[in-house]
Structure formats: structure tokens, C-alpha cells
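Below you'll find the structure, written out as C-alpha cells, and then a few comments.
Fair warning: this is a prediction, and the values are worked out from it, not measured in the lab. Naming convention: chains lettered A, B, ... in sequence-line order (proteins, then strands); numbering from 1 in each chain.
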2 protein chains.
Amino acid sequence: MQAIKVALFEDNKHLRESLSILISGTPGFQLTGAYPDCDELLYQLNKELPDVVLMDIEMPGMRGTEAVKLIKKDFPEVQVLMQTVFQDDENIFQSICAGASGYILKTTSPAQYLEAIRDVHQGGSPMSPFIARRVVSLFAQNVSVPSLHNYQLTPKEKEVLSLMVQGKSIKMIADASDISYETVRTHVKNIYSKLHVNCNTEAVSKAMREKIV
Amino acid sequence: MQAIKVALFEDNKHLRESLSILISGTPGFQLTGAYPDCDELLYQLNKELPDVVLMDIEMPGMRGTEAVKLIKKDFPEVQVLMQTVFQDDENIFQSICAGASGYILKTTSPAQYLEAIRDVHQGGSPMSPFIARRVVSLFAQNVSVPSLHNYQLTPKEKEVLSLMVQGKSIKMIADASDISYETVRTHVKNIYSKLHVNCNTEAVSKAMREKIV
DNA sequence: TTCCTCTTCCCCCGATTGCGGTATTTCATC
DNA sequence: GATGAAATACCGCAATCGGGGGAAGAGGAA
């Protein structure tokens, strides 16, 4: 089996060296590099593309979450495992939105570190039960339920509605869709009637809330 | 230490009995009941309130996710651990939205079952790395980033904007806020200027997307 | 063929909005 | 006491929107 190639970003010298020894010294793992900051992030990844990046959230210069965004933009197949001493909502939230797959604490044991690296590499998202709880709870708060109702909008009406959501005026929609102003107005009237609203803001708000478009 | 009280809902007789023996036979765990369906769900919970409910998603009669909603509505402090053979997005999504804390597969080993029960009871959300990945990925798709920008809206402007998002017209906002029509118009103008938009739908759309209100 | 839906287009008219101003009062800060 | 931000309020005017009609072609279903 091919060894899992790991790149390490960690500003703390002691931890960086400990992890380096752990990773390079364990069969099945290969360290492609250990860096104290993200200054030459993309260059370093290009040099030898790792399977997994182990990223500290708190670092001098570029924040870990910013670095993740860059990585996922240029190397979407690279799996990123965040490590941190904090487990506040903001950090978890930012990391996940940036594209990180796993999120572990620095208090994690060496064996669990390796296990977590293996997990992300195999397509999992290792995280402590506590962090998982935060994610689940953030999730339940943020997710909106897509359209329980079916408002029976026709394809053209959906198209018009989605342009309305983008903030376009009737005139702009007419231009964009290459149909006449009056036709757009007719569609809009029908949309209002089907959504049971009577102005543009209500329609936009309802469309976004219920993810109709 | 107090034993963790567990109620079990599982229609498969064999699995139900195996889990019953496992739970009641392990020190630190106490089985308050094992039921093949959710017909008398609330009655059964009332009889002896468990700390943790182990719920099968696939059951005759009431679906597991529906049952979870009922449980969390009447007994919000009860922790629910879902168990299933499926790990599709829809089931995961429904369970989390219903209020379940953990989500494990029936292929989980007895020791891990007990560990997961312990985890949910201690405020964690045990889930396999694969399921965690699905949650993270669903999350990243659904969550919108709350205002990276700070548009410096004043409290009154935020109030007006939130009423606009609710679909209210300027006249309605004036009535609701008990200020004059012209004042609301002034606020709206300032909001447009700060958000860099120039019509009501754009403002509403931006406000919702960036969770400004 | 007839019926129905979807899409297209048009008119009228009152209400509302967007944009340009100006102006006063309050209130905290300097 | 001066300054500035926030909230309040008003006017005018062009443009857009919302609601009310009517109408006609294309295409599928009964």
C-alpha cells in the first residue's frame, strides 16, 4: 500500500518537530514537509503534492482557515485536517466553510492523530464527539428546509423568480431573457399569485427562505 | 456514578434482544425499556424518563425521524442516538434536523455502541468518520456565510431592513415602527447606500444571503 | 376537435419606489 | 460649547410596480 503523504503546517517548533517525527517514523505515512507558516503554501504543495495537509488554525501571518481556502481552490483533492487548541463555534464554522474535512484538538494522542490522518485520507471526517456536537447544532440552526410546499411554478416562472432574487428589475429581466417587458410582468403576476404574495420583496424573501429557486 | 438510562426502539426482534442484553448487562448502563415500535412513545418515555434514546430510523408505523421530533419537543433534554443500516444524505439530514445528536450504523461493534451511548450522554455527537463527512459536506453546501463585510448599519436601519426582508412596504414599516413614512424612506435610502444596492429586492436578497438581519 | 396550460404580448391607472435635495432634534463625545 | 452621528421629517419628480383587464399562438391531453 502506498504511504499517505502528509504536509504539516504548525508554527510551534516543539509540536512541529514532535509531529514530524511521529509521521515520518510511522510505516504507512510519509512527511512531504513541515512548515512554520503559510508564506509559500502553494509553492510548497506544488513541489510535492501531499494527500493530507495537517493545518494549525492559529498561525502567524495567514490564518489557517484562509490557507485552507487557497489549498482547496488550487488542489481540491487534497484533504485538510485542522488542528487547534480552541473549539469555539467560530473556528469550527470557518474551517468547515473553508473546506476542511476534519477538525481535531491538539490534546489528541499520537495514535489518534495518525488515525485521524488515515480517516481523512479515506474520505472520512474525523472529529471529536464534542466538536461533532457543535457541528450538528450549528447545522440544525443554519439549514433551511427546501420547499415543503410545491407552488407549481412553471419553468419560465422559476427563471424569472431566480432573476428577481438576484435583484434584477422587470426591465432587466426582460432584457436578459430576451422577452418583452409585458411578458415578464405577466410571469411576475402569476408568481405572486402562486406564492400568495403581493410584492417583489415578499416574493424574493419567500423564494430564498424556502429555497424555491 | 449514576447508570445511564437507555430506552431502545428497534423493530428487529433479534437486534432488539441483543442490544437489550448488551445494555442491561453492562455496568454503568440501565435499560428502561425496549420497544418494537413508537406507538406509545411518549407514554413509555413518561413512565421512566431515559437519558438516552437509541432509535432505529427504519420502523413500521411512525418513522424514526418523526419520533425524534416528538421526543425533542416534549423531552428536549433526552439525547437521541440514531441507528440505521443506511447512510444516505436524506436520512442523515432528516435526523439532524429532527434533533438527533448522534448517528451510528448497525454494523457498529457492541463496544462502540456502548461508547456512542456514553458519548451522547456526555454531550457529544458520535458518528462514523464517513457520516461526519456527509454532515460536513451538507453543511458546507447549505450554510451561508454571515456578513464578512460590516456595512455599519445603525440599529434603526437594521430594524427597517429586517422589516423589508419580511416583505413589508415602506408604509407598513412606518406604521409598525411608529415613525413617519418619510423617515422610513430616509432610512431605506441610507441602507441602499451602505449596502451598495439600488432597489428593494437587491437589498432583501443581500441581507438574507449575508445574514445581515 | 376541443380543452387546457404555458408562453407570449398589450393597455390603463393608481400606488409605490428611487433619487435628488434640505432641515431639525437628540445625544454622546471631545 | 462644539462636533458629529443618528434619528426624525418634508418636498418634488421621474420611473417602476401592482392589479385589473384582454388576447393570441403553440402544444399536449381528453
Side-chain angles (χ1 to χ4, degrees), chain A residues 144-213, chain B residues 144-213:
Chain A
S144 52
V145 187
S147 69
L148 305 114
H149 291 257
N150 180 15
Y151 294 102
Q152 310 255 72
L153 295 183
T154 68
K156 205 70 193 175
E157 285 162 359
K158 281 185 186 171
E159 185 189 329
V160 169
L161 182 54
S162 90
L163 289 166
M164 289 177 69
V165 168
Q166 288 166 38
K168 305 244 191 289
S169 69
I170 293 182
K171 195 176 277 184
M172 293 165 80
I173 295 173
D175 288 348
S177 308
D178 205 35
I179 50 181
S180 91
Y181 175 82
E182 285 300 332
T183 305
V184 178
R185 264 171 57 73
T186 305
H187 288 312
V188 170
K189 285 183 223 176
N190 291 332
I191 291 168
Y192 288 1
S193 148
K194 288 182 181 178
L195 295 192
H196 305 297
V197 299
N198 43 45
C199 75
N200 53 7
T201 52
E202 255 186 308
V204 167
S205 160
K206 196 159 194 169
M208 291 186 81
R209 252 202 324 276
E210 307 194 16
K211 292 214 194 305
I212 296 171
V213 287
Chain B
S144 50
V145 186
S147 68
L148 304 115
H149 290 259
N150 178 15
Y151 294 103
Q152 309 257 68
L153 295 182
T154 68
K156 205 70 194 175
E157 285 162 0
K158 282 185 186 170
E159 184 188 329
V160 169
L161 182 54
S162 90
L163 289 166
M164 288 176 69
V165 168
Q166 288 165 38
K168 303 247 192 288
S169 69
I170 293 183
K171 197 176 276 184
M172 292 166 82
I173 295 173
D175 287 349
S177 307
D178 204 36
I179 51 182
S180 92
Y181 176 81
E182 287 298 334
T183 304
V184 178
R185 277 168 60 83
T186 305
H187 287 309
V188 170
K189 283 186 233 177
N190 292 332
I191 291 168
Y192 287 1
S193 148
K194 288 182 181 177
L195 295 191
H196 305 297
V197 298
N198 43 45
C199 76
N200 52 8
T201 52
E202 256 187 308
V204 167
S205 161
K206 195 160 193 168
M208 292 186 81
R209 252 202 323 276
E210 307 193 16
K211 292 216 194 303
I212 297 172
V213 288

Would you mind reading off the distance between [X] atom [atom1] and [N] atom [atom2], rounded to a whole angstrom?
X	N	atom1	atom2	value
A:N190	C:dC9	CG	P	14 Å
A:E202	C:dT17	CD	P	12 Å
A:Q152	C:dC6	CD	P	8 Å
A:D178	C:dT7	CG	C1'	14 Å
A:K171	C:dT17	NZ	C1'	14 Å
B:I191	D:dA7	CD1	C1'	13 Å
B:E182	D:dC10	CD	P	7 Å
A:M172	D:dA15	CE	P	17 Å

- Item | N/O donor-acceptor pair, side chain B:T183 with base D:dC10, under 3.5 angstrom |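 There is none.
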- Message: For a quick check, tell me whether the side chain of B:R185 and the base of C:dG20 share a donor-acceptor pair closer than 3.5 Å.
- Response: no
[X] versus [Y]: any side-chain heavy-atom pair under 4.5 Å?
X	Y	value
A:L195	A:E202	no
B:Q166	A:S205	no
B:I191	B:V160	yes
B:T154	B:E157	yes
B:Y192	B:N200	yes

- Which part of the nucleic acid, if any, lies within contact of A:Y192, taking any heavy atom under 4.0 Å across all strands shown: a base, the sugar-phosphate backbone alone, or nothing?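 Contact class for A:Y192: sugar-phosphate only.
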Any side-chain N or O of [X] below 4.0 angstrom from OP1/OP2 of [N]?
X	N	result
B:K189	C:dG20	no
B:N200	C:dG18	yes
B:T186	D:dC10	no
A:S180	C:dC10	yes
A:H187	C:dT7	no
B:S169	C:dA15	no

From the options [options], select the nucleotide whose nearest atom is closest to the side chain of [X].
X	options	result
B:K156	C:dT16, C:dC11, D:dT8	D:dT8
A:I170	D:dC17, C:dC6, D:dA6	D:dC17
B:N198	C:dT17, C:dC6, C:dG18	C:dG18

- Item | Test side-chain hydrogen bond (donor to acceptor under 3.5 Å, both in side chains) applied to B:T186 and B:T183, step by step | CA-CA 5 Å; B:T186 305; B:T183 304; 5.7 Å; no
- Angle between terminal axes - the helix from C:dT1-D:dA30 to C:dC30-D:dG1, 5 pairs each end, rounded to 10°: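 Rounded to the nearest 10 degrees, the bend comes out at 50°.
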- Select from A:I179 and B:V188 the residue whose nearest nucleotide in DNA chain C is closer to the 5' end of that strand.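 Between the two, 5'-proximity favours A:I179.
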- Item | Residue met sooner reading DNA chain D from 5', once B:T154 and A:T201 are mapped to nucleotides |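 Nearer the 5' end of the strand: B:T154.
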- Query: Given the rule in the side chain to side chain contact (heavy atoms under 4.5 Å, CB included) test, do A:L163 and A:S177 qualify, once you have shown the distances and angles that lead to the verdict?
  - Reply: CA-CA 9 Å; A:L163 289 166; A:S177 308; 3.6 Å; yes
- State, without any angle test, whether A:Y151 and A:E210 hold a side-chain donor-acceptor pair at a distance under 3.5 Å.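 Indeed, the side chains of A:Y151 and A:E210 share at least one donor-acceptor pair under 3.5 Å.
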